[in-house]
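Here the structure is a predicted model, which means the values were calculated and not measured. Protein chains get the first letters and strands the later ones, always in sequence-line order, with residue 1 at the start of each.
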2 protein chains.
Amino acid sequence: MICNSYERFFKTLAEPAKLNIINLLSKGPLNVSQLSKKLNFEQSRASHNLKALADRHFVIVERKGKERYYSLDKTIIIPILGLIDAHVEKYEKHYCKCKGIPWRKKE
Amino acid sequence: MICNSYERFFKTLAEPAKLNIINLLSKGPLNVSQLSKKLNFEQSRASHNLKALADRHFVIVERKGKERYYSLDKTIIIPILGLIDAHVEKYEKHYCKCKGIPWRKKE
DNA sequence: AATTCATATGATTTGTAATTCATATGAACG
DNA sequence: CGTTCATATGAATTACAAATCATATGAATT
């Protein structure tokens, strides 16, 4: 009945592994091995997660020889997280005091 | 490491049941029984889901006698879904042709 | 073309979260 | 104050998605 695009969209982001990948890629593109190493992820775990993110167009793949470099499509992620930041700050700032989210521009 | 506010936020929305509730409440406030009946939800299922939505401040509760009326906090949901609509339309319009999402303003 | 390196894929296992079932709370009303 | 109606809560079950493990693909290199 309801369009399941929303479900797919949210489900893809509702997980620490993928959020950590997004966080890491916000600093620059990486190939699968680099990313696996940095996050201590099994190779296939990284692959599966990256595929899911790519399917929803949250990340972009670029082949370079045997390697595949993944980079963040910031046009969707940044605005979304911005809205959430505002919402969370409005209601949860008293018990969620984490700072230094890299992609969040402090003004 | 990463702030888990995002995870909680997305996880709460990454489910058909809750998205259907949001869709329904976008048309106006309802109490638990009304909502259960409309969505063919077990009473406790509705309760549990509504509680989760209320915990994240996606819905607002108001008591009226024995009943509790839930309404949608549109200030966060509408902009978020707007961003997703744009993203989905950009990349998925060829295979997701659902129309008439009630809260989406067509211009 | 055989080998190695980088990544993807598929099936099974595992972990987690939603639903259900049973029960508790709590307001209204006789 | 006992009963009924509306909702909430907690524990057990169930369902589903992520991680793992084994294997496949595919490009570079000799």
Side-chain angles (χ1 to χ4, degrees), chain A residues 1-25 28-72, chain B residues 1-25 28-72:
Chain A
M1 180 223 216
I2 230 181
C3 180
N4 55 7
S5 292
Y6 296 127
E7 192 192 340
R8 286 201 306 267
F9 187 100
F10 289 126
K11 209 159 254 170
T12 304
L13 298 174
E15 217 198 342
K18 300 202 182 68
L19 288 171
N20 282 314
I21 290 178
I22 286 172
N23 180 32
L24 187 55
L25 290 184
L30 292 174
N31 65 39
V32 181
S33 333
Q34 294 172 324
L35 190 140
S36 305
K37 185 169 285 180
K38 289 217 182 201
L39 292 178
N40 268 83
F41 278 9
E42 191 117 1
Q43 179 266 320
S44 64
R45 185 184 180 191
S47 251
H48 281 299
N49 276 284
L50 285 165
K51 178 173 171 24
L53 288 169
D55 284 347
R56 296 280 82 70
H57 295 90
F58 294 138
V59 300
I60 300 150
V61 204
E62 207 181 340
R63 309 180 65 145
K64 256 195 182 167
K66 330 186 219 185
E67 286 129 59
R68 297 191 188 186
Y69 281 85
Y70 286 85
S71 56
L72 187 65
Chain B
M1 181 223 213
I2 231 182
C3 180
N4 55 7
S5 293
Y6 296 128
E7 192 193 341
R8 286 202 305 267
F9 188 99
F10 290 126
K11 211 159 252 170
T12 305
L13 297 174
E15 216 199 343
K18 301 203 181 67
L19 288 172
N20 281 315
I21 291 178
I22 286 172
N23 181 33
L24 187 53
L25 291 183
L30 291 174
N31 64 41
V32 181
S33 333
Q34 293 172 322
L35 190 141
S36 305
K37 184 168 286 182
K38 288 217 184 202
L39 292 177
N40 269 84
F41 278 9
E42 191 116 2
Q43 178 266 319
S44 65
R45 185 184 180 191
S47 252
H48 281 298
N49 277 283
L50 285 165
K51 179 174 171 24
L53 288 169
D55 285 348
R56 296 280 81 71
H57 294 90
F58 295 138
V59 300
I60 300 151
V61 204
E62 207 181 339
R63 310 179 63 145
K64 255 195 182 168
K66 332 184 219 183
E67 286 130 58
R68 297 191 189 184
Y69 281 85
Y70 285 86
S71 55
L72 187 66

Below 4.0 angstrom, N of the basic side chain to O of the carboxylate: do Glu67(A) and Lys64(A) qualify?
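No salt bridge links Glu67(A) with Lys64(A).
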From C-beta outward on [X], which listed nucleotide comes closest to its side chain: [options]?
X: Val32(B); options: dC5(C), dA8(D), dT9(C); answer: dA8(D)
X: Glu42(A); options: dT19(C), dT9(D), dT20(D); answer: dT20(D)
X: Arg63(A); options: dC5(D), dA27(D), dA6(C); answer: dA27(D)
X: Arg45(A); options: dC5(C), dA6(D), dT20(D); answer: dT20(D)
X: Lys66(B); options: dT9(D), dT9(C), dT4(D); answer: dT4(D)

Which residue lies more 5' along DNA chain D, comparing Phe41(A) with Asn31(B) via nearest heavy atoms:
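The residue mapped nearer the 5' terminus is Asn31(B).
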Take the protein atom [atom1] of [X] and the nucleotide atom [atom2] of [N], then report the distance between them rounded to whole Å.
X: Lys51(B); N: dT20(C); atom1: NZ; atom2: P; result: 19 Å
X: Leu50(B); N: dA8(D); atom1: CG; atom2: C1'; result: 11 Å
X: Glu7(A); N: dA18(C); atom1: CD; atom2: C1'; result: 13 Å
X: Asp55(B); N: dA17(C); atom1: CG; atom2: P; result: 14 Å
X: Leu53(A); N: dA18(D); atom1: CG; atom2: P; result: 11 Å
X: Asn40(B); N: dT20(C); atom1: CG; atom2: C1'; result: 15 Å
X: Arg8(A); N: dA17(D); atom1: CZ; atom2: C1'; result: 16 Å
X: Lys11(A); N: dA18(C); atom1: NZ; atom2: C1'; result: 10 Å

Nearest-0.5 Å distance that lies between atom CD1 in Ile22(B) and atom CG in Leu13(B)
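Here the interatomic distance stands at 5.0 Å.
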Once rounded to the nearest 0.5 Å, what's the spacing between atom CG of Asn31(B) and atom CD of Gln34(B)?
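Interatomic distance, Asn31(B) CG to Gln34(B) CD, rounded to 0.5 Å: 3.5 Å.
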Just checking [X]: base, sugar-phosphate only, or nothing, at a heavy-atom cut-off of under 4.0 Å?
X: Tyr70(B); result: sugar-phosphate
X: Ala17(B); result: sugar-phosphate
X: Gln43(A); result: base
X: Lys18(B); result: sugar-phosphate

Counter-base of dT23(C), judged by Watson-Crick or G-U geometry with both distances under 3.5 Å:
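Across all strands, the one nucleotide that pairs with dT23(C) is dA8(D).
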Who pairs with dT30(D) - Watson-Crick or G-U, where each distance is under 3.5 Å
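Pairing partner: dA1(C).
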So, does Arg68(A) get its side chain near the phosphate of dA8(C), meaning an N or O under 4.0 Å from OP1 or OP2?
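Yes.
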Is any side-chain N or O of Glu15(A) under 3.5 Å from a base N or O of dA18(D), one able to act as donor and the other as acceptor?
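Side chain to base: no pair present.
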Quick check on the 6.0 Å ring-centre criterion: do Tyr70(A) and Phe58(A) meet it?
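No, the ring centres sit 6.0 Å or more apart.
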Heavy-atom pair with the smallest gap, counting every atom of Thr12(A) and Ala52(A)
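Heavy-atom minimum between the residues: CG2-O, 3.9 Å.
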Pairwise side-chain contact, Asn49(A) with Glu15(A), heavy-atom cut-off 4.5 Å (strictly under)
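Yes - at least one pair of side-chain heavy atoms lies under 4.5 Å apart.
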Stacking check His48(A) vs dT20(D) (5.5 Å / 30 deg)
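No.
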